[in-house]
Amino acid sequence: QVKLQQSGAELVKPGASVKLSCKTSGYTFSTSYMSWFKQIPGQSIEWIGMIYAGDGGTGYNQKFKGKATLTVDTSSSTAYMDLSSLTTEDSAVYFCAISVYYGLSLFDYWGQGVMVTVSS
Amino acid sequence: DIQMTQSPASLSASLGETVTIECRASEDIYNGLAWYQQKPGKSPQLLIYNANSLHTGVPSRFSGSGSGTQYSLKINSLQSEDVASYFCQQYYNYPFTFGSGTKLEIK
């Protein structure tokens, strides 16, 4: 079955960077689109951007350009998101998600989410 | 960006009741709308796509409707496992945007 397993919670200092991972199985990673999302607990969901695993092509929400960098490793079917120059406003739960049945715009499989806490 | 205005922010209803959640887009999204359910501490789960199509495995008590800028999610015969937050998402245009969410509780 399809699985998206995200890395564990992170506690990072302001100004630092963090790299989150999303290891996948159960579907053809190399022809899929992976999206990433941000959710501050108790609030709405923001789409950060997406990456096509086939060629590494990316598309970002303008709000997150310069903040997030998406990459993939097709040999391990893993997607990554680098978050840079972290501030307290980046403290949130981050999800990876894909569409297996609906193209690239709907999300029927999600990772479990990873809490990133930015604090000195 | 397309703004999604969702209402109400919270909702309390009794078991067996029918509830409706509304979502209004800032421009026509041509039925490019999905609904997600998110239980506390969990990831969102797709319920409805294309405004009114039920995702595989979703109970038939969930239904979606609407067109243009106005959309709604209806839950018939409310059950205890429906306690969750619900979010709409437009995918007609980039960036994908979500409503602010509706927290559903049982009275």
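Naming convention: chains lettered A, B, ... in sequence-line order (proteins, then strands); numbering from 1 in each chain.
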For the candidates Gly32(B), Ser85(B), Ser100(B), which exhibits the highest count of non-hydrogen atom pairs separated by less than 4.5 Å from chain A?
-> Ser100(B)

Okay, Gln6(B) and chain A: the region with an atom under 4.5 Å from a heavy atom over there is neither

Cationic tip of Lys19(A) above Tyr80(A) ring, under 6.0 Å, 45° of axis | yes

Is it the backbone or the side chain of Phe96(B) that comes under 4.5 Å from a heavy atom of chain A, or both, or neither?
-> both

Side-chain contact test, heavy atoms from C-beta onward, threshold under 4.5 Å: evaluate it for Tyr49(B) versus Ser105(A) and give yes or no.
-> no

Measuring heavy-atom distances to chain A, does Pro40(B) have an atom under 4.5 Å in its side chain, in its backbone, in both, or in neither?
-> neither

Residues in residues 44-57 of chain A that sit under 4.5 Å from chain B, counting heavy atoms only = Ser44(A), Ile45(A), Trp47(A), Met50(A)

Go through the side-chain N and O atoms of Glu105(B) and Ser12(B) and say whether any donor and acceptor fall under 3.5 Å apart.
-> no

I would like to know whether Ser65(B) and Asn52(B) meet side chain to side chain donor-acceptor pair (under 3.5 Å); could you show each step before the answer?
-> CA-CA 5 Å; Ser65(B) 62; Asn52(B) 57 24; over 6 Å; no

For atom NZ of Lys103(B), decide whether the heavy atoms of other residues, nucleotides or ligands shown that lie under 6.0 angstrom number more than 12.
-> no

Portion of Tyr36(B) that has a non-hydrogen atom of chain A nearer than 4.5 angstrom = side chain

Counting only heavy atoms not in Glu81(B), do more than 12 sit closer than 6.0 Å to its CD atom?
-> yes

Between Leu54(B) and Leu46(B), is there a shared hydrophobic cluster once you connect ILVMFWY residues whose side-chain heavy atoms come closer than 4.5 Å?
-> no

Could you tell me whether Tyr102(A) and His55(B) have their ring centroids closer than 6.0 angstrom?
-> yes

For chain B, which residues from residues 106-120 of chain A lie under 4.5 Å away (heavy-atom distances)?
-> Leu106(A), Phe107(A), Asp108(A), Trp110(A), Gly111(A)

Do Ser67(B) and Asn31(B) touch side chain to side chain, with heavy atoms closer than 4.5 Å?
-> yes

Taking the side chain as C-beta and beyond, is there a heavy-atom pair between Leu4(A) and Phe95(A) under 4.5 Å?
-> no

Salt-bridge present (Asp1(B), Lys63(A); N to O < 4.0 Å) = no

When Gln39(A), Gln62(A), Gln43(A) are compared by non-hydrogen pairs under 4.5 Å with chain B, the top option = Gln39(A)

Under the side chain to side chain donor-acceptor pair (under 3.5 Å) rule, what do Ser76(A) and Asp73(A) come out as? Steps first, then yes or no, please.
-> CA-CA 6 Å; Ser76(A) 63; Asp73(A) 177 359; 3.2 Å; yes

